Amino acid sequence: MSLFRRFKKEHKDVEEEVKVEKGPESKHPEPVTSTRTLVIANQKGGVGKTTTTVNLGSWLALDGYKTLIVDIDPQGNATSGLGVDPKGLEKCIYDVLMGKETLGSIVLETIVDNLYVAPASFRLVGAQVELVSMMSRETRLKNLLETIKGDYHFIIIDCPPSLGLLTLNGLTSADELIIPVQCEYYALEGLSQLLESIDQVKKFLNPNLELAGLVMTMHDSRTKIGQQVIEEVKKHFPDKVYSSIIPRSVRLSEAPSFGQPITHYDALSRGAIAYKDLAKEVVGHG
């Protein structure tokens, strides 16, 4: 390789590294004419639910859509994944559900332009008990979100890995449901129970809830089982599986520990590109 070509290659590598460190530039937000409320749910843990919430929301925001992530998981992983320390919060979504704060008063800016978070902390564990005796316990979050609809293009709700009252509130509040499904042998395990719960929610609480799609996560292209699982899920849910497949990725796993979505941690990684494609699909299906 000539000295000139080597210099061009090294210079290009440096430019790409700088681009990754800065993260992609966001577009100026368009006026909000309507709000789409998405809930990301699967009672099976470890399927990429929070990873999908954070990174889908980040790409939507960077594409110019004013986006709010509502974290109703007591683990607060969506909160910390956006650079907010749950342990240092004076108030969070728990206080809102208990009627102590307004939703607008707890919303925080994140490191991503156009992206905001209604944070969660471990105190939210108490809500699962306290909500039981409250009036309209299944619709408290829905009523709260009504007060800020019109302020955001997208509201994305991150649910805990269970089918308790918090997840029920998430399902009752949303127009669209996205289910992350891990590309592993037991992918369909528990989905039938989730779908039964969704049918009950549609029947008694939220007739407008629709299954927007299933997103296949943690796909390992080196194994056959991943593609077999994708084909099996497509048999059960024709026309409901997103084309964007999220790969198993070290970079996706590392990003939350730095309090960054993949858009800022490594915008050129395979995982980042996959979530960017998913965001395009979500926008297109609206």
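In this text the structure is predicted, and so the values were computed from the model without any measurement.
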Sequence neighbours left out, what pairs pass salt bridge (Lys or Arg N to Asp or Glu O under 4.0 Å) with at least one residue falling in residues 41-53?
Lys49-Asp73, Lys49-Asp158
Does Leu97 form a side-chain contact (heavy atoms from CB on, under 4.5 Å) with Leu141? I'd like the steps, not just the answer.
CA-CA 7 Å; Leu97 289 171; Leu141 181 62; 4.2 Å; yes
Residues passing the ring-ring contact (aromatic ring centres under 6.0 Å, His included) test with Tyr94, sequence neighbours excluded, are none
Looking only at heavy atoms, which two atoms of Gln260 and Ile111 are closest? And how far apart?
CG-CD1, 3.9 Å
Might you point out which heavy atoms bring Glu232 and Leu188 nearest each other, and give the distance in Å?
CG-CD1, 3.8 Å
For Glu281 and Ser243, what are the C-alpha separation, side-chain angles and deciding distance, and is it a side-chain contact (heavy atoms from CB on, under 4.5 Å)?
CA-CA 8 Å; Glu281 286 193 78; Ser243 299; 3.7 Å; yes
Nearest heavy-atom neighbours spanning Leu163 and Ser197
CD1-OG, 3.5 Å
Please determine, by modelled atom types, if Tyr275 and Thr263 share a side-chain donor-acceptor pair under 3.5 angstrom.
no
Pairs involving residues 35-67, ordered by first then second residue, that meet ring-ring contact (aromatic ring centres under 6.0 Å, His included) (sequence neighbours left out)
Tyr65-His153, Tyr65-Phe154
Please check if Leu131 and Leu103 belong to a single hydrophobic cluster, counting links between Ile, Leu, Val, Met, Phe, Trp and Tyr side chain heavy atoms closer than 4.5 Å.
yes
Specify the closest pair of heavy atoms between Ala41 and Leu177, including all atoms of both residues, with the distance to one decimal.
CB-CD1, 3.9 Å
Please determine if Asp63 and Lys276 form a salt bridge, counting it only when a charged side-chain N lies under 4.0 Å from a carboxylate O.
no
Check for a donor-acceptor pair, side chain of Asp95 on one end and backbone N or O of Cys92 on the other, with a separation under 3.5 Å.
yes
Within the distance-only criterion (no hydrogens, no angle test), does the side chain of Thr35 pair as donor or acceptor with the backbone N or O of Tyr152 below 3.5 angstrom?
yes
Residue list, salt bridge (Lys or Arg N to Asp or Glu O under 4.0 Å) with Asp113, at least two apart or on another chain
none
Treating Ile, Leu, Val, Met, Phe, Trp and Tyr as nodes and any side-chain heavy-atom pair under 4.5 angstrom as an edge, say whether Ile273 and Ile246 lie in one connected cluster.
no
Compare every heavy atom of Ile69 with every heavy atom of Thr53, then report the nearest pair and how far apart it is.
O-CD1, 3.6 Å
Do any pairs count as a ring-ring contact (aromatic ring centres under 6.0 Å, His included) and have a residue in residues 182-228, sequence neighbours left out, and if so which ones?
none
Leu38-Leu278 co-clustered via ILVMFWY side chain contacts under 4.5 Å
yes
Taking the side chain from Thr147 and the backbone from Asn143, do they hold a donor-acceptor pair closer than 3.5 Å?
no
Excluding sequence neighbours, so at least two apart, what forms side chain to side chain contact (heavy atoms under 4.5 Å, CB included) with Ala255?
Ile262, Tyr265
Between Thr79 and Pro86, the two heavy atoms sitting closest are CG2-CG, 4.1 Å
Does any N or O in the side chain of Thr172 come within less than 3.5 Å of the main-chain N or O of Leu168, such that one atom is a donor and the other an acceptor?
yes
Under the criterion side-chain contact (heavy atoms from CB on, under 4.5 Å), I'd like the reasoning laid out for Ile157 against Asp71: C-alpha separation, chi angles, the key distance, then a yes or no.
CA-CA 6 Å; Ile157 305 167; Asp71 190 354; over 6 Å; no
Would you confirm whether Asn55, through its side chain, and Pro261, through its main-chain N or O, come within 3.5 Å as a donor-acceptor pair?
no
Donor-acceptor pair, Lys234 side chain versus Val241 backbone, under 3.5 Å?
no
Verify the cluster assignment for Leu68 and Ile156: are they in a single hydrophobic cluster under the rule of side-chain heavy atoms below 4.5 Å apart?
no
For Val32 and Asp151, run side-chain contact (heavy atoms from CB on, under 4.5 Å): C-alpha distance rounded to whole Å, both residues' side-chain angles, the deciding distance at 0.1 Å, then the answer.
CA-CA 7 Å; Val32 178; Asp151 294 339; over 6 Å; no
Ignoring hydrogens and angles, tell me if any N or O in the side chain of Ser58 forms a donor-acceptor pair with the backbone of Val54 under 3.5 Å.
no
Please check if the side chain of Asp266 supplies one atom and the backbone of Ala272 the other of a donor-acceptor pair under 3.5 Å.
no
Between Arg251 and Glu254, is there a salt bridge with N-O shorter than 4.0 Å?
yes
Kindly say whether Asp220 contributes a backbone atom to a donor-acceptor pair with the side chain of Arg248 at under 3.5 angstrom?
no
Is the backbone of Thr139 close enough, under 3.5 Å, to the side chain of Ser136 for a donor and an acceptor to pair up by distance?
no
Distance-only donor-acceptor check, side chains Thr217 and Gln182, under 3.5 Å:
no
